[in-house]
Undergrad: 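The structure's right below; bear with me while I get my questions together.
Note that the coordinates shown come from a computational prediction; the quantities given were computed from them, not determined experimentally.
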There are 2 protein chains.
Amino acid sequence: MKPRSNKSKRTRKRIVAKHLADELGVSISTISRAFTPDTRISPKTKAKILEYAASIGYQPNPYAQSLTTQNNTIVGIVVSDISNNPFYPEALARLSDALRQAGYNAMLFPVSEGQTPDDVLPQALAFEPEFVIVLAATVSSQATVFAAEGGTNLIFFSRYVPGSPTFSVTCDNADGGRAIAEHLVECGHTRLAYIAGTPKTSTNRDRWTGFSERCTELGVTDVHKEETGIFSYDSGYQAALRMFARSARPEAIFCANDIVALGAMDALRGELGLKVPDDVSVAGFDNIFMSGWPSHSLTTYNYPLEQMIAQTMMLIERISNDPDYDPISVVVPGHLVVRSSTRARNGQDEHPAG
Amino acid sequence: MKPRSNKSKRTRKRIVAKHLADELGVSISTISRAFTPDTRISPKTKAKILEYAASIGYQPNPYAQSLTTQNNTIVGIVVSDISNNPFYPEALARLSDALRQAGYNAMLFPVSEGQTPDDVLPQALAFEPEFVIVLAATVSSQATVFAAEGGTNLIFFSRYVPGSPTFSVTCDNADGGRAIAEHLVECGHTRLAYIAGTPKTSTNRDRWTGFSERCTELGVTDVHKEETGIFSYDSGYQAALRMFARSARPEAIFCANDIVALGAMDALRGELGLKVPDDVSVAGFDNIFMSGWPSHSLTTYNYPLEQMIAQTMMLIERISNDPDYDPISVVVPGHLVVRSSTRARNGQDEHPAG
DNA sequence: AAAATTTGTGCAAACGGTTGCACAAATATT
DNA sequence: AATATTTGTGCAACCGTTTGCACAAATTTT
């Protein structure tokens, strides 16, 4: 966090406000006012300054600005196991883009192997960002307090800290679980199974809860749960093998996410020689782009990334305008995407590529 | 780039050096010296200060540091069409992690729809970073000059600007093309084809060049090139269909990258009912994680991401120590990964999952 | 024991902006 | 035409550090 020893400068001579001031025969204050909204400055001089500034590529030094205004444009993004699920990088890319368009700058704080988000959070807080977005991770409640003391708002994206009054934007995982349950039951299946993702994540928990509750409501009681697993292809692959080594094989499987589902599917079709959906239906969650590929054509629940980004930006805007805006959890519903990995009940079959 | 209007602060009262100074009965200078290496300070007072600082969570204000030292820890990362290829997010995640471990902070500058890297580069330069890494994109030569004037080193990752003396770290795409060519010829194929990626990218160009050159060297002259395409699943899918609508069907296809190859493969197997590799061999480039899945088991050339990151960090270290270090292009070789999408010559068959 | 050196600390001037206050010029009000 | 108001600009203090310089105290050398 400490500035690097700066042996390296090839005559880095930065243009500063004083230069413009001298050149245009005005004071430094006036230069500053040309770049600050809501200040008294004549349109003429402002135009003159901005034009000249543009011509020589002057921009006010952001460090000095931060120092004087006690503000900055930085939004920290804490990311952990981002490479696991192709969905997170996408979220990161979109988020940072949306932030930039709103005038913020995204600074990345990856959680290294063997670290926890709590370890890197202080590094983010050192920049005193107005917001830190925690992507696909959670932090301790102490850490949330620490952030709050510094005036930084923590926003959890895609996960949340149960019971803690924090900002969060999540997909309606429970609704997704219910939708899948409904769909599988409608397909005529009665022996269902769930392949779990990473334990103790709110995503995994809520998807299972929604799924199992809806099953019960619909009178389906034969619901097996394959607990040990994480959100990965391999985990899905192995879980499917374990599951089908048992005597009571399920007719349909709901997997904690698409990656897991694709793994399970490949195990069933490859290693076990089963047909999907003829022998067994498989459904996932997220609707990652691979799920639309003809090779798998996975039925899934669409993760409403677009809207979640939008909601996050709205949240940021709102908090920014009203510091006393109370923590809320925004839950965004997605929608069922039926493809050909689940048995068609009425011949419905969606089959888009890539 | 301008600090946000700061209506939002819930009593953000930051701990500053003066507080420590008063509390410990020393001067602000002394506090500063406890955090700055190579300065005269007695071990006792230093320990006392650091201990107290840690207990109350004090960290020197990075903006003030940047201002006084004329240095900062920020490295800009310009990213464009990152979501297209799962390989880029991975690179981004690893890069930012490596940077953080080296004491830098990665600031993201995504190129929005309809923009060019040239448009966002100035925003990055405003922070006067010692380095800006341009990921999977190129910029105009004017822009490189502009960056150099400000003292910022541009490092191109995965692409490069031909003819321009800039820093770049790339995979040995030509070698990869040659390796694939060799492999396909060794498999006994004589009618080959190439499905191109995004035109005018150095990656696409170099892969094709290596491939076609090696084919010629090996005496194989029947090499068709399907030009129109980009780096996407759909593009590969369509290209394969076009290619097989012609009378002279190839025996083996080399695709510009794995995503394209997976698309092509799905078209061949799904829509055309062909068997891979029995009817046609398919090879890709990058070795993205999906390529290892049993469902596709794609022969490919491994993108040496790990080493490329390492090389990039070495470059950064070196430039940082020697400002006059001259621009170089680091080209990192990968290696062939033979799986079962290409006809086995001697029964070799690699088949790892996940 | 005096002189020379080393060591640790404090003072004050930067770094590059922003902004409250003062004030002259321009404009509006009587 | 005199007064009141508005508008635009400059001065100077401040944001939170770092660091050259000065200097007293501690240590080493003669």
Undergrad: Side-chain donor or acceptor of S29(B) under 3.5 Å from a matching atom on the base of dT19(D)?
TA: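 Such a pair exists between side chain and base.
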
Undergrad: Which whole-number value in Å describes the distance from N71(B) CG to dA14(C) P?
TA: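 About 20 Å, once rounded to whole Å.
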
Undergrad: At less than 3.5 Å, do the side-chain atoms of R33(B) and the base atoms of dG10(C) form a donor-acceptor pair?
TA: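 When only heavy-atom distances are counted, R33(B) does reach the base of dG10(C) through a donor-acceptor pair under 3.5 Å.
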
Undergrad: Is S32(B) close enough to dT18(D) that one of its side-chain N or O atoms is under 4.0 Å from OP1 or OP2 there?
TA: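 Yes, because at least one side-chain N or O of S32(B) sits under 4.0 Å from OP1 or OP2 of dT18(D).
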
Undergrad: In whole angstrom, what separates R40(A)'s CZ from dT18(C)'s C1'?
TA: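 Answer to the nearest Å: 17 Å.
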
Undergrad: Whole angstroms only, please: what is the CG-P distance between L24(B) and dT9(C)?
TA: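 In whole Å, dT9(C) P and L24(B) CG are 12 Å from each other.
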
Undergrad: Starting at CD of E128(A) and ending at C1' of dT17(D), how long is that distance when rounded to a whole Å?
TA: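 The answer, rounded to whole Å, is 13 Å.
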
Undergrad: Do any side-chain nitrogens or oxygens of S27(A) fall under 4.0 Å of OP1 or OP2 in dC11(D)?
TA: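 The answer is no; no side-chain N or O of S27(A) sits under 4.0 Å from OP1 or OP2.
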
Undergrad: Between the side chains of S29(B) and S32(B), does any donor sit under 3.5 Å from an acceptor?
TA: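 Not at all, the side chains of S29(B) and S32(B) share no donor-acceptor pair under 3.5 Å.
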
Undergrad: Distance from M313(B) atom CE to L95(B) atom CG, nearest 0.5 Å?
TA: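 Going from CE on M313(B) over to CG on L95(B), the span is 8.0 Å.
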
Undergrad: Flag the pair D22(A) and K18(A) as a salt bridge only when some basic side-chain nitrogen lies within less than 4.0 angstrom of an acidic carboxylate oxygen.
TA: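 Salt bridge between D22(A) and K18(A), a charged N being under 4.0 Å from a carboxylate O: yes.
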
Undergrad: Can a salt bridge be assigned to the pair D97(B) and R100(B) using a cut-off of 4.0 Å between side-chain N and carboxylate O?
TA: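 Yes, D97(B) and R100(B) are salt-bridged.
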
Undergrad: Produce the list of close N/O pairs, under 3.5 Å, pairing protein atoms with atoms of nucleotides 13-16 of chain D; give distances to one decimal.
TA:
{"from": "dC15(D)", "atom 1": "O2", "to": "T68(A)", "atom 2": "N", "distance (Å)": "3.4"}
{"from": "dG16(D)", "atom 1": "OP1", "to": "Q70(A)", "atom 2": "NE2", "distance (Å)": "3.4"}

Undergrad: Given dT6(C), dT17(D), dT19(D), identify the nucleotide with an atom nearest to the side chain of T36(B).
TA: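 Among the listed nucleotides, the one closest to the side chain of T36(B) is dT19(D).
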
Undergrad: Using atom CD1 of I31(A) as one end and atom P of dG16(C) as the other, report the distance to the nearest whole Å.
TA: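 Those two atoms, CD1 and P, are 15 Å apart.
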
Undergrad: List every contact pair, protein side and nucleotides 24-26 of chain C side both N or O, where the distance is under 3.5 Å.
TA:
none

Undergrad: Nearest whole Å is fine: how far is dA12(C) C1' from I28(B) CD1?
TA: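 So the two atoms are 11 Å apart, to the nearest Å.
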
Undergrad: Check whether any side-chain heavy atom of L154(A) lies under 4.5 Å from a side-chain heavy atom of T144(A), and answer yes or no.
TA: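 Contact flag for L154(A)/T144(A) side chains = yes.
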
Undergrad: So what does T45(A) hit on the nucleic acid, given a heavy-atom distance under 4.0 Å: a base, only sugar-phosphate, or nothing?
TA: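 It contacts sugar-phosphate atoms only.
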
Undergrad: Heavy atoms, side chains only, cut-off 4.5 Å: are Y63(A) and N72(A) in contact?
TA: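 Sidechains of N72(A) and Y63(A): no contact.
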
Undergrad: Which value, rounded to the nearest 0.5 Å, describes the distance between N105(B) atom CG and I74(A) atom CD1?
TA: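 N105(B) CG to I74(A) CD1: 8.0 Å, rounded to 0.5 Å.
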
Undergrad: Can you measure I49(B) atom CD1 to dT17(D) atom C1' for me and round it to whole angstrom units?
TA: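 It is 14 Å, rounded to the nearest whole Å.
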
Undergrad: Could you check how far CG of D38(A) sits from P of dG8(D), rounded to whole Å?
TA: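 Rounded to the whole Å, the gap is 14 Å.
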
Undergrad: Considering only heavy atoms from C-beta outward, does the side chain of V330(B) approach that of I328(B) to under 4.5 Å?
TA: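 With C-beta onward as the side chain, the pair touches.
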
Undergrad: With rounding to the nearest 0.5 angstrom, report the CE to OG distance, M107(B) to S96(B).
TA: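 Nearest 0.5 Å value for the CE-OG distance: 13.5 Å.
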
